[in-house]
Amino acid sequence: MKKTGERIIRAVDGLINLLVGLVCVVVLFVSCYSLWDNYRMHQQANDPSLLIYKPTLEAQGQEEAGLLALENQAAWLCIDGTYIDYPVMQGEDNFVYLNKDPYGEYRLSGSIFLDYRNARDLSDPFSMIYGHHMDHYSMFGSLDLFAVEVYFDNHQTGWMATENGMYQLDLFAVAWGEGDDWTIFNPQGKTAEDVLPYIQEHAAIYREYQPGRRIVALSTCAGETANSRLIVFGMLGNEPMTME
């Protein structure tokens, strides 16, 4: 009887050890998969193959070639000395490129994209551009850096290319907002006079706006709630850039 009880205890103990071992294996597998999946998403968000489509000032004068090569591409966005160097897409609504890369393939990292209500050539007085808040400063995850005043002051210049040419981009404000605030997140028909009071009221950093220039907003999900948005505002030049 005693030996039978000991055998039962050893069997139960062995079963518990087996279950613990299986749990450890599952946890290890899930952890490894999570790391691999995060790495894969980061790689997808920074697909180097897209850089072959990056416009240049030299190409600006070659009208037959055009500056934009991708289907449904509205622009190219580049901020000097930063991680932001991407094509800007535009769909028939604001859901198309949430989980599609610029080639139109399914990707969780999605694309940087222009609000569907804006003119594709960025000719509107106010345009809104969205991007996922990705780890490792991918996509618009690097907008966090602009909330630091020293970083902002040292990274205020860049450019945007449309089919009409390449335009100087000068950043002038960083603000926090809510994604359901249509004062800013419905760009259709908005002018600089419509959005400047909002920018000034919500700005964490604000520099002088130059009247007459088009305003472009770069928005991403960031902050304490799911509805919080971090928005960086820039001014587009009125004439295409030229080679000096």
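Keep in mind that the numbers below use all heavy atoms, side chains included, and drop hydrogens, waters and symmetry copies. Everything numeric here is computed off the predicted structure, so don't read it as measured data.
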Q: Take Asp85 and Trp76 through the test side chain to side chain donor-acceptor pair (under 3.5 Å) and record every step on the way to the result.
A: CA-CA 8 Å; Asp85 194 7; Trp76 191 284; 2.8 Å; yes
Q: Are Trp182 and Val195 connected in a single hydrophobic cluster, I mean Ile/Leu/Val/Met/Phe/Trp/Tyr linked by side-chain heavy atoms less than 4.5 Å apart?
A: yes
Q: Between CZ of Phe126 and NZ of Lys190, what distance do you get to the nearest 0.5 Å?
A: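 It is 7.5 Å, given to the nearest 0.5 Å.
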Q: Calculate, to the nearest 0.5 Å, the distance between atoms CD and CG belonging to Gln90 and Leu114 respectively.
A: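 The CG atom of Leu114 is 4.5 Å from CD of Gln90, to the nearest 0.5 Å.
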Q: With a 3.5 Å distance limit and no angle check, can you tell me whether Lys54 reaches the backbone of Cys78 through a side-chain donor-acceptor pair?
A: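 Answer holds: no.
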Q: Can you tell me if Asn99 uses its side chain to pair, donor with acceptor, with the backbone of Leu108 under 3.5 Å?
A: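 Yes.
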Q: Could you report the tightest heavy-atom contact between Ser127 and Asn118, atom names first, then the distance?
A: CA-OD1, 3.3 Å
Q: Going through the checks in order, is the side chain to side chain contact (heavy atoms under 4.5 Å, CB included) test met by Met89 and Ile112?
A: CA-CA 6 Å; Met89 312 306 292; Ile112 304 300; over 6 Å; no
Q: Do any pairs count as a salt bridge (Lys or Arg N to Asp or Glu O under 4.0 Å) and have a residue in residues 113-132, sequence neighbours left out, and if so which ones?
A: Asp115-Arg117
Q: With sequence neighbours excluded, tell me which residues meet ring pair (Phe, Tyr, Trp, His ring centres under 6.0 Å) with His132.
A: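 If we apply the ring pair (Phe, Tyr, Trp, His ring centres under 6.0 Å) test to His132, skipping adjacent residues, there are no hits.
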Q: Under a 4.5 Å cut-off applied to non-hydrogen side-chain atoms, are Ser109 and Asp101 in contact?
A: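 Sidechains of Asp101 and Ser109: no contact.
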Q: Would the distance check show the side chain of Asn94 and the main-chain N or O of Tyr116 forming a donor-acceptor pair, the cut-off being under 3.5 Å?
A: yes
Q: So which heavy atom on Met166 is nearest to which on Ala161, and how close?
A: CG-CB, 3.7 Å
Q: Kindly indicate whether the side chain of Leu218, heavy atoms from C-beta on, has any atom under 4.5 Å from the side chain of Ile79.
A: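 The answer is yes, as the side chains (C-beta and beyond) meet within the 4.5 Å cut-off.
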Q: So how far is it from Thr157 OG1 to Gln168 CD, rounded to the nearest 0.5 Å?
A: 6.0 Å
Q: Can you see which heavy atom on Pro197 is nearest to which on Glu193, and at what distance?
A: CD-O, 3.2 Å
Q: Work out which heavy atom in Ser219 is nearest to a heavy atom in Met128; give both atom names and the distance.
A: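 Minimum heavy-atom contact is CB-SD, 3.7 Å.
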Q: Counting C-beta onward and ignoring hydrogens, is there a side-chain heavy-atom pair between Thr82 and Leu145 closer than 4.5 Å?
A: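 Counting from C-beta outward, Thr82 and Leu145 never come under 4.5 Å.
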Q: Given Asn238 and Tyr167, is the side chain to side chain donor-acceptor pair (under 3.5 Å) satisfied, shown in steps?
A: CA-CA 7 Å; Asn238 292 318; Tyr167 297 88; over 6 Å; no
Q: Side-chain donor-acceptor pair under 3.5 Å between Asp144 and Tyr137, yes or no?
A: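 No, Tyr137 and Asp144 have no side-chain donor paired with an acceptor closer than 3.5 Å.
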Q: When you check the gap from the basic side-chain N to the acidic O, do Arg213 and Asp170 get nearer than 4.0 Å?
A: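 Between Asp170 and Arg213 there is a salt bridge, with a charged N closer than 4.0 Å to a carboxylate O.
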Q: When rounded to the nearest 0.5 angstrom, what distance separates CG in Leu169 from CG in Asp80?
A: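 Result: 9.0 Å between the selected atoms.
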Q: Quick one: are Pro102 and Tyr53 in side-chain contact, heavy atoms under 4.5 Å?
A: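 Of all side-chain heavy-atom pairs linking Tyr53 with Pro102, none is under 4.5 Å.
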Q: Treat each ILVMFWY residue as a node, draw an edge where side-chain heavy atoms are under 4.5 Å apart, and state whether Val150 and Leu230 are in one component.
A: no
Q: Go through the steps for Met160 and Ile129 under the test side chain to side chain contact (heavy atoms under 4.5 Å, CB included), then give the verdict.
A: CA-CA 12 Å; Met160 292 194 72; Ile129 296 174; 3.6 Å; yes
Q: Of all the heavy-atom pairs spanning Ala173 and Ile199, show the shortest one and how long it is.
A: CB-CG2, 3.7 Å
Q: Once you measure the plane-to-plane angle for Phe152 and Phe146, does it fall in the parallel (<30°), tilted (30-60°) or perpendicular (>60°) bin?
A: perpendicular
Q: Evaluate the side-chain proximity of His202 to Trp176: yes if any heavy-atom separation is below 4.5 Å, no if none is.
A: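 They are not in side-chain contact.
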Q: Would you check, one step at a time, whether the test salt bridge (Lys or Arg N to Asp or Glu O under 4.0 Å) holds for Asp181 with Arg229?
A: CA-CA 10 Å; Asp181 190 335; Arg229 300 292 185 270; over 6 Å; no
Q: Please examine the side chains of Ile231 and Thr220, heavy atoms only from C-beta on, and report whether any two atoms are closer than 4.5 Å.
A: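 Side-chain contact under 4.5 Å: no.
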Q: What is the distance from atom OH of Tyr206 to atom CZ of Phe233, rounded to the nearest 0.5 Å?
A: 10.0 Å
Q: Within this structure, what is the NZ-CZ distance for the pair Lys100 and Phe113, rounded to the nearest 0.5 Å?
A: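 Separation between the atoms: 12.5 Å.
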Q: Please find the pair of heavy atoms, one from Ala75 and one from Leu68, that lie closest to each other, and give the distance.
A: N-CD1, 3.9 Å
Q: Where does the angle between the aromatic ring planes of Phe185 and Tyr130 fall among parallel (under 30°), tilted (30 to 60°) and perpendicular (over 60°)?
A: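 Aromatic pair Phe185/Tyr130 classed parallel.
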Q: Does a side-chain heavy-atom distance below 4.5 Å link Asn72 with Tyr97?
A: yes
Q: Using the side chain to side chain contact (heavy atoms under 4.5 Å, CB included) rule, take Val148 and Ile205 through it: C-alpha gap first, then chi angles, then the decisive distance, then the call.
A: CA-CA 9 Å; Val148 179; Ile205 299 173; over 6 Å; no
Q: Would you indicate whether Tyr103, at its atom OH, is surrounded by more than 12 heavy atoms from other residues, nucleotides or ligands within a distance under 6.0 Å?
A: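 Atom OH in Tyr103 is packed in, count exceeds 12.
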Q: Quick one: are Pro87 and Leu50 in side-chain contact, heavy atoms under 4.5 Å?
A: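 A side-chain contact under 4.5 Å exists here.
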